[in-house]
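Treat the numbers as computed from the prediction; the structure is a model and nothing was measured. Order of the sequence lines sets the chain letters (A, B, ...), proteins ahead of strands, with each chain counted from 1.
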Amino acid sequence: EDKVVQSPLSLVVHEGDTVTLNCSYEVTNFRSLLWYKQEKKAPTFLFMLTSSGIEKKSGRLSSILDKKELSSILNITATQTGDSAIYLCASPMNYGGSQGNLIFGKGTKLSVKP
Amino acid sequence: GAGVSQSPSNKVTEKGKDVELRCDPISGHTALYWYRQSLGQGLEFLIYFQGNSAPDKSGLPSDRFSAERTGGSVSTLTIQRTQQEDSAVYLCASSPGRGGLSYNEQFFGPGTRLTVL
């Protein structure tokens, strides 16, 4: 059964800390891995990773995929209280080349204290 | 431009009643997905529409759940005879649906928080 597993489930840090969130996957015919940030209700897209070893970066956030280890990490440097959210990792089901729904991990709840 | 919209934003109902949740996808997006997020859980896939193809209903938890998509645009998720365990946030997402990697990026609506008393 395809699955996505995230760790830790929750994390509390102080402003200025650097955090690393982990995601591992077992997905048949894997094609891509996505990271989302969920603050209230709607998850907002952060990154899509398809190639191993190529870092994607957006401001203080960065992410990289390791296809050998079937995993990805999301790094946040110099954390701010506004980074407090649930971070979701997901991978699309793949039906013979036609992508389907996303399989999500349970998320990592990050709390950044002032 | 307008994103995915959902209504109502909150719905409180009594056990045994039917509810309808609505999703308006981004204009031009051919793929539409429904997910459910229960407290402390990740998003759970419910149903997926792609163009005029038959929907993928493999995630629907019981036959009390159904969804339709009229005219390839607006979708309605119906839950009949609601139970307390149906309480969750129901999220709708849409994506362009074209081939290639752009297909993977799903844009989410704000969700409907359903509470079954």
* So what's closer than 4.5 Å to chain A heavy atoms on B/Leu43: side chain, backbone, both or neither? -> both
* To do: Please flag which part of B/Gln37 lies under 4.5 Å from any non-hydrogen atom of chain A: side chain, backbone, both or neither.
  => side chain
Could you see if [X] belongs to whatever hydrophobic cluster contains [Y]? Use Ile, Leu, Val, Met, Phe, Trp, Tyr and a side-chain cutoff under 4.5 Å.
{"X": "A/Leu70", "Y": "A/Leu49", "value": "yes"}
{"X": "A/Phe47", "Y": "A/Val4", "value": "yes"}
{"X": "A/Val5", "Y": "A/Leu74", "value": "no"}
{"X": "A/Ile73", "Y": "A/Val112", "value": "no"}

* Nearest non-hydrogen partners of A/Ala42 and B/Gly109, listed with the distance -> CB-O, 3.0 Å
* Run the ring pair (Phe, Tyr, Trp, His ring centres under 6.0 Å) check on B/Tyr35 and A/Phe104 step by step: do they pass? -> CA-CA 10 Å; B/Tyr35 296 89; A/Phe104 282 87; 5.5 Å; yes
* Asked: Which value, rounded to the nearest 0.5 Å, describes the distance between B/Phe45 atom CZ and A/Leu102 atom CG?
  -> 10.0 Å
* Structure fact -> When rounded to the nearest 0.5 Å, the distance separating OH of B/Tyr48 from CG of A/Asn101 is 8.5 Å
* Asked: Can A/Phe45 and B/Phe108 be said to form a ring pair (Phe, Tyr, Trp, His ring centres under 6.0 Å), step by step?
  -> CA-CA 9 Å; A/Phe45 174 80; B/Phe108 284 82; over 10 Å; no
* Does some side-chain heavy atom of A/Ile103 sit less than 4.5 Å from a side-chain heavy atom of B/Glu44? -> no
* To do: Please say whether more than 12 non-hydrogen atoms of neighbouring residues, nucleotides or ligands are located less than 6.0 Å from CD in B/Glu14.
  => no
* **A/Lys57 atom NZ: more than 12 heavy-atom contacts under 6.0 Å** => yes
* Asked: What part of A/Gln38 is in contact with chain B, defined as an atom under 4.5 angstrom from a non-hydrogen atom: side chain, backbone, both or neither?
  -> side chain
* Asked: Taking every heavy-atom pair that is under 4.5 Å apart, which of A/Gly105, A/Pro43, A/Gly107 has the most such pairs with chain B?
  -> A/Pro43
Distance-only criterion, 3.5 Å: show the donor-acceptor pairs between side-chain atoms of residues 110-117 of chain B and protein atoms not counting sequence neighbours.
unit_1: B/Thr112; atom_1: OG1; unit_2: B/Pro8; atom_2: O; d: 2.5

